[in-house]
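Note that the structure is predicted; figures quoted are calculated from it, not measured. Here is how names work: the chains are called A, B, and so on, in the same order as the sequence lines, proteins then strands, and each is numbered from 1.
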Amino acid sequence: MVFVTWEVPAILEGTAVMKKLINAAEDVVTEALQGIEAAHPDLRVDLVNKIVYRGDLPRSGKVGVISGGGSGHEPMHGGFVGLGMLDAACAGEVFTSPVPDQMLAATKLVDGGAGVLHVVKNYTGDVMNFEMGAELAAAETGARVVAVVTDDDVAVQDSTWTAGRRGVGVTVLLEKIAGAAAEQGRSLDEVADVARTVNANGRSMGLALTSCTVPAVGHPTFDLGEDEMELGVGIHGEPGRERIPLAPARDIAALLLEPILADLPFRAGDDVLCFVNGLGGTPLLELYIMFNEVSKILSGHGVRIARSLVGNYITSLDMAGTSVTLLRMDDDLLSLWDAPVKTPALRWGI
Amino acid sequence: MVFVTWEVPAILEGTAVMKKLINAAEDVVTEALQGIEAAHPDLRVDLVNKIVYRGDLPRSGKVGVISGGGSGHEPMHGGFVGLGMLDAACAGEVFTSPVPDQMLAATKLVDGGAGVLHVVKNYTGDVMNFEMGAELAAAETGARVVAVVTDDDVAVQDSTWTAGRRGVGVTVLLEKIAGAAAEQGRSLDEVADVARTVNANGRSMGLALTSCTVPAVGHPTFDLGEDEMELGVGIHGEPGRERIPLAPARDIAALLLEPILADLPFRAGDDVLCFVNGLGGTPLLELYIMFNEVSKILSGHGVRIARSLVGNYITSLDMAGTSVTLLRMDDDLLSLWDAPVKTPALRWGI
Amino acid sequence: MTNGATVEDLREWVRAFARRIESNKDLLTELDAAIGDADHGANMHRGLTAVVAALGDPGLDTPAAVVKKVGMTLVSTVGGASGPLYGTFFLRMGGALGDAQPVPPETLAAALRAGLDGVVARGKAEAGDKTMYDALAPALDALDEALAAGEPWPAAVRAAAAAAEAGRDATTPMTARKGRASYLGERSVGHQDPGAASTALLIASAVDALGADRERSTTTAGAAGDDSAP
Amino acid sequence: MTNGATVEDLREWVRAFARRIESNKDLLTELDAAIGDADHGANMHRGLTAVVAALGDPGLDTPAAVVKKVGMTLVSTVGGASGPLYGTFFLRMGGALGDAQPVPPETLAAALRAGLDGVVARGKAEAGDKTMYDALAPALDALDEALAAGEPWPAAVRAAAAAAEAGRDATTPMTARKGRASYLGERSVGHQDPGAASTALLIASAVDALGADRERSTTTAGAAGDDSAP
Ligand SMILES: Nc1ncnc2c1ncn2[C@@H]1O[C@H](COP(=O)(O)OP(=O)(O)O)[C@@H](O)[C@H]1O
Ligand SMILES: Nc1ncnc2c1ncn2[C@@H]1O[C@H](COP(=O)(O)OP(=O)(O)O)[C@@H](O)[C@H]1O
Ligand SMILES: [Mg+2]
Ligand SMILES: [Mg+2]
Ligand SMILES: [Mg+2]
Ligand SMILES: [Mg+2]
C-alpha cells in the first residue's frame with residue numbers, strides 16, 4: 001500500500017500576501033465582532049460563542065429570532081441584529097457554518113418563553129449544525145425551536161437527489177419580515193408561517209465578475225478569465241453553473257431574471273419587493289444601473305415594484321458581482337416589511 | 001515647428017473589456033440616475049440636468065441644502081438626498097465635477113425663499129463650477145447662496161501655495177448635520193455656521209489597496225504592486241502621498257490616525273464621531289476590523305467614540321481601501337447628528 | 001494491537017489523524033476550492049488541533065471516553081458539513097465501544113460501523129453521492145471482510161486503508177449529489193471529493209497507530225503524509 | 001487670414017481644436033491618470049463635441065458670437081477644472097473681440113490675452129504652477145512679441161504654437177502648485193501637465209486654421225494630430 005505524498009501547490013507556499021485590511025487570517029472573525037461591538041452600542045457580542053445579540057434580551061413573551069452562518073457575508077447576519085429583525089446571530093468561520101454550541105447559546109440568550117425561530121440557509125453544513133443546536137437546546141432547556149430553511153437560489157436544480165437549492169438573498173428579506181412579526185408579538189407558529197411564506201414567494205439568482213479571496217486561503221477561490229463571468233454563483237465563492245463571456249448590464253439583468261420569473265412563476269399584476277444586491281466588490285453605481293435594467297424588464301412583464309432594496313446586504317467577501325431577488329408581496333408582508341427596524345444595516349421607522 | 005504624433009498606449013487600443021455591470025461607459029451616470037429614480041419613490045431625478053432631488057420641493061421657508069460632485073463616489077451625493085439631509089445633488093461625469101448649469105438648476109429647485117447652502121468639496125474643479133453656478137443663480141434669481149467648502153484630508157499639505165486640502169469623509173457628516181439644521185428651520189447663516197463648524201472639527205485620511213477603474217478609461221488608474229498600498233489617497237483614483245508595503249490592519253489604523261489626531265489636535269476627553277469608510281471594493285468584514293483597531297487607538301488616547309459610522313459612504317468606484325474620519329462633537333452637533341434622516345443611504349428616526 | 005486497542009492506541013490514532021490533516025491541509029482546501037468553498041482543510045485542521053488539545057483533559061481513561069470526546073470536540077469546533085458528520089461518526093463510535101479494555105478487533109470494527117451509520121443518519125448520503133461515505137463505507141466493508149476471513153488485525157486495517165483510498169479515488173468521476181459540490185452538477189465530475197480525501201487519511205492513520213506492532217506504530221507516526229511505501 | 005480672421009476662420013480654429021482633442025483624447029487622459037484623475041481627455045472631448053454641434057446654432061454670425069458660444073458650451077459641458085477655465089477663456093476672449101469683421105491680428109491677440117486674464121482670474125495660477133497657464137502665457141507673449149516686431153500673422157502664430165509646446169514641455173520638471181496634481185507634491189515632478197498639453201493643441205489649431213493662407217489651412221485641417229512637419 002502506498003501513501004501518496006501530495007504536493008502543495010506553489011501558490012500556497014509561504015505566507016500569501018493579501019490585499020486585505022486584516023491582521024492574522026485566523027483572527028478575522030473575532031476582530032470583526034469586536035469592531036461590531038465597538039461601533040454599535042445597542043448590540044452585545046459574546047466573543048467566546050461568536051454571537052452578536054441585542055442588548056435588551058431576553059424579551060419576555062416575544063418569539064426569539066436567530067440566524068447564523070459562515071462569516072464573509074456581511075452585513076448578514078450580525079448587521080441584521082436589532083429591534084424588529086434578529087435577536088441574535090451566530091458567526092461561523094469565513095464561509096463555514098457555525099457549530100451547534102453557538103446555536104444552543106444563542107437560543108438560550110433570546111428565549112423569552114415564547115419559543116425561538118431558527119433562520120437557516122439551505123447548505124448541508126448549516127442545516128446539520130442548526131439541527132444539532134436545536135437538539136441540544138431541546139434537551140437542555142426544553143425551549144421550543146422551529147427552523148425555517150431558505151432555499152431561493154434558482155441557479156441550483158431543486159431535486160430530492162441533491163442538497164437542494166441554496167439559501168441566498170431571500171434570507172435577508174425573511175429575517176426582516178419574520179423579525180417584524182416576532183416584534184409584533186405573534187406566536188412562534190405564526191412567525192414561522194410568515195417566514196415560510198417569504199421563502200415560498202422569493203427567488204434569487206447571482207452572477208460573479210470576479211472570484212473572492214478567503215483570508216485563510218490567500219488566493220482567489222476560482223480563476224475567471226479577463227473576459228468571463230460566472231453565472232449562477234452562490235455566496236461562498238463556489239463556482240456557478242456556467243461560465244459565460246462578459247455582457248452588458250442589460251443582458252446580465254435578463255439572464256438573471258429569466259429563470260427567476262419563470263420559476264415561481266411571477267405574473268403580470270404581482271407586487272414584488274425587488275432586491276438588487278452587491279456581492280461585496282461591486283460599486284453602488286453599478287448596482288443602480290442593474291436596478292434600472294431589472295425594473296425595465298419587470299415593467300415589461302407587468303410586474304410592479306412595490307418595494308426595493310439596493311446595496312451590499314449578502315456578500316461574498318470582495319467578490320465583484322450581483323444577485324437579484326424578487327419577493328412576491330401581499331398586504332401582510334408589505335406591512336411587516338415597512339415596520340420599524342433598527343439594526344446596523346437596515347434601519348427605518350425608528 | 002514639429003507637431004509630435006503621440007502614440008496611444010497599447011492598453012487603450014480597441015474596446016477595453018471591463019469587469020463592470022454597465023452598458024456603455026458614456027451612459028453610466030444617466031442609467032445609474034434612472035436606477036435611483038426607479039428604486040426610491042421619495043426622490044425625483046432630472047435626467048437632463050442630472051439632479052437627484054426630494055419629491056416635496058421647494059419647502060417654503062426652509063434653507064435649501066445642495067451638494068454635488070463627480071460620480072463614482074456613491075452613495076455620495078445622490079444617496080444622501082432626502083428629509084434631514086440634502087435637498088438635491090448634482091451628478092457630474094465619473095470623477096468630474098458637475099457644471100454650473102446643474103448647480104443653477106438645483107439651486108432654483110430647492111430655494112424656498114430662505115437661501116441655499118452649497119456643500120462643495122475642495123477640488124479646483126468643484127469650487128470653480130459651484131462658484132459659477134452661484135454667480136448664475138444670483139444673476140438669474142437673486143437667491144442667496146452661501147458655499148461651504150470641505151477640506152478635511154490631512155494627507156494633503158495645506159498651504160496657500162497649493163489647491164489646499166481635499167474634501168473627503170467630512171462631507172458626508174457635514175451633509176447630514178447641516179441638513180438637520182436646515183430641517184429644524186435654522187437660517188442660512190446658522191446652517192452655514194454649523195457646516196463650517198463640522199468642517200473645522202473634522203479630519204480624514206485614506207489608504208488604497210488597489211486602484212479603481214474609471215469606466216471611460218477601462219483600465220486601472222494607477223498600478224499598485226502585489227505587496228504595495230497607497231497611503232493618503234483621495235477619492236478620485238489620484239495617487240496618494242506615498243507608496244508603502246502591505247501592513248496589518250493595526251498598523252494601517254495607526255498610519256491613518258497619527259496625522260489625524262495630531263492635526264486638529266484631538267485631545268483626551270474629546271467626544272468624536274468615528275467614521276470608518278470603505279472605498280467601494282472592501283468588504284464590511286474588513287471595515288469592522290479597521291473600526292476595532294481605530295477604537296483601540298482612540299481609547300489609548302482617551303478620545304471617546306460618541307457616535308460611529310461604518311460602511312461604504314464616500315467611495316472611489318471599485319477601489320479596495322478605507323478612510324478614517326474623526327469629527328469632534330459638541331452637544332449641538334450630537335443632536336443634529338441624531339435628528340431624523342430619511343435618505344437611501346442614511347436613515348434613522350423616521 | 002494484536003490483543004485489542006488500548007486507550008493509548010486510540011489516542012495515537014487520533015493524533016496520527018491530526019498530523020495527516022495538518023500536512024494535507026492545503027491540499028484538502030484546494031480540493032474544496034474546486035468544487036466547494038475552499039475551507040475543508042482549515043475546518044479539519046481547526047477541529048483536530050482542538051481534539052489533540054482536548055486529549056489532555058482529565059478523565060479520558062476509557063476508549064469510549066476518548067472517542068466520544070473526539071466527537072464532541074469536532075462538533076464544537078469544525079462547523080460546516082464535516083463538523084457534524086465527523087463529530088457524529090466519533091460520537092456514535094464511542095457509544096458503541098462498550099467497556100472492554102483493550103477493545104477487541106471485532107468490537108472496534110462494529111464501533112466504526114456504528115459511526116458510519118451515524119454519518120448516514122445525519123447526512124443521508126448514499127454510495128455514489130461523491131462524499132466521505134464513498135471512502136468510509138468501502139473501508140469498513142474491507143475491514144469486516146478481512147476479519148471474517150480470519151486475517152489478522154494489521155492486515156485487515158491495511159486492507160481497509162487501501163479500500164478507503166480506492167474509494168476516495170473513485171469519487172473523481174462521480175457527479176456530486178450531496179453537499180456543496182452538488183450545486184455544480186456535471187461540473188463536479190473530474191474532481192476528487194475533499195471529504196473522501198480526509199476520510200482516507202483517517203483510515204490511513206489507523207494503519208499508523210493500530211495497524212502494526214506497538215513499536216512500529218509509534219516510531220513511524222511522525223511521518224504522516226510522508227509515507228511512501230506500505 | 002492676412003487681412004484678419006473671419007467668422008469662418010474662427011469656426012475652423014475651433015473645429016481644428018476639436019479634431020486635435022479627439023485624436024489626443026487618450027493621451028490627455030493618460031497624462032491626467034499619472035498626476036490627476038484620468039479624465040482630462042474625456043472632459044475636453046465631451047466639451048469640444050458639444051461645441052462643434054453648437055457651431056450650427058442660428059445667429060452665430062459674428063466672431064464674438066461664435067467665441068462666446070464656444071465658452072458657454074464648454075462651461076456647460078466640460079465640468080472639472082478645465083471646464084470653467086477653458087470656458088472663461090473663450091467667454092472673455094469673445095467679450096474682447098469687438099465688432100470688427102474680419103478681426104485684425106492685433107485685436108485677435110488682445111482678445112486672446114483677455115482670455116488668459118480670465119483664466120488667471122478664475123484659477124489664480126501663476127507661472128510655474130504646472131498648469132495650462134504655463135503653455136498659454138508664453139504662447140501669447142510670443143504672439144505679441146512677433147507682431148510687435150512686425151512679423152506677419154502666420155509667422156507670429158507659428159511662433160506662438162512653438163512657445164506653447166515649449167511651455168507645455170517645461171511643465172514636466174515642475175512641482176504642481178495648482179489643481180489636482182498639487183496633491184502629489186514632489187511626485188508630480190517628471191510628468192507633463194495635461195491642461196498644458198491640451199492648450200498646446202489649442203494654439204497648434206490656430207496654426208491649422210489661422211496660420212497660413214486659406215487654401216492650406218482648410219486642406220490640412222483634417223490631419224490634426226498627424227502633423228509631422230511645420
Ligand atoms: N450529506 C452528506 N453526507 C456525507 N458527507 C457529506 C455530506 N455533505 C457533505 N459531505 C462531505 O463534506 C465535505 C465538505 O466538508 P467541508 O468543506 O468541511 O464543509 P462545507 O461543505 O460545509 O464547506 C464534502 O467533501 C463531503 O465529503
Ligand atoms: N487653478 C488652475 N489654474 C489654471 N489651470 C488649472 C488650475 N487647476 C487645474 N488646472 C488645469 O486643469 C487641468 C486638469 O483638467 P481636468 O483634468 O479636466 O480637470 P480635473 O482636474 O477637475 O479633473 C490641469 O492639468 C491644469 O492644467
Ligand atoms: Mg464551508
Ligand atoms: Mg476630474
Ligand atoms: Mg467546504
Ligand atoms: Mg482630471
Do you know which two heavy atoms are closest between [X] and [Y], and how far apart they sit?
X	Y	value
Met132(A)	Val75(C)	CE-CG2, 3.8 Å
Val217(A)	Ala38(C)	CG2-O, 3.4 Å
Gly123(C)	Met128(A)	CA-SD, 4.2 Å
Tyr183(C)	Gly164(A)	CE2-O, 3.3 Å

>> Sort by residue number and list every residue of residues 42-54 of chain C having at least one heavy atom under 4.5 Å from chain A.
In response: Asn43(C), Arg46(C)

> Which of residues 92-101 of chain A get closer than 4.5 angstrom to chain C, counting heavy atoms alone?
Replying inline: Glu93(A), Val94(A), Phe95(A), Thr96(A), Ser97(A), Pro98(A), Val99(A), Pro100(A), Asp101(A)

Proximity breakdown for [X] and chain A, heavy-atom pairs closer than 4.5 Å:
X	value
Thr29(C)	side chain
Thr88(C)	side chain
Ala34(C)	backbone

> Does Glu74(A) have any salt bridge (Lys or Arg N to Asp or Glu O under 4.0 Å) partners at least two apart in sequence or in another chain, and if so, which?
Replying inline: none

> Does Asn129(A) use its side chain to pair, donor to acceptor, with the backbone of Pro84(C) at less than 3.5 Å?
Replying inline: no

> Do Arg166(A) and Arg180(C) have side chains that get closer than 4.5 Å, going by heavy atoms?
Replying inline: no

> Checking Gln102(A) against chain C: side chain, backbone, both or neither under 4.5 Å from a heavy atom?
Replying inline: neither

>> Given heavy-atom pairs under 4.5 angstrom as the criterion, report whether the side chain, backbone, both or neither of Asn49(A) touches chain C.
In response: neither

>> Taking side-chain hydrogen bond (donor to acceptor under 3.5 Å, both in side chains) as the definition, give me every residue that meets it alongside Glu230(A), ordered by chain and number, with sequence neighbours left out.
In response: Arg243(A), Arg187(C)

> With respect to chain A, which residue among Gly83(C), Gly179(C), Gly185(C), Ser82(C) yields the maximal number of heavy-atom pairs within a distance under 4.5 Å?
Replying inline: Gly179(C)

> If you count heavy-atom pairs under 4.5 Å between each of Ala176(C), Gly80(C), Ser182(C), Ala181(C) and chain A, which one has the most?
Replying inline: Gly80(C)

>> Other residues, nucleotides and ligands only: do more than 12 of their heavy atoms fall within 6.0 Å of CD on Glu135(A)?
In response: yes

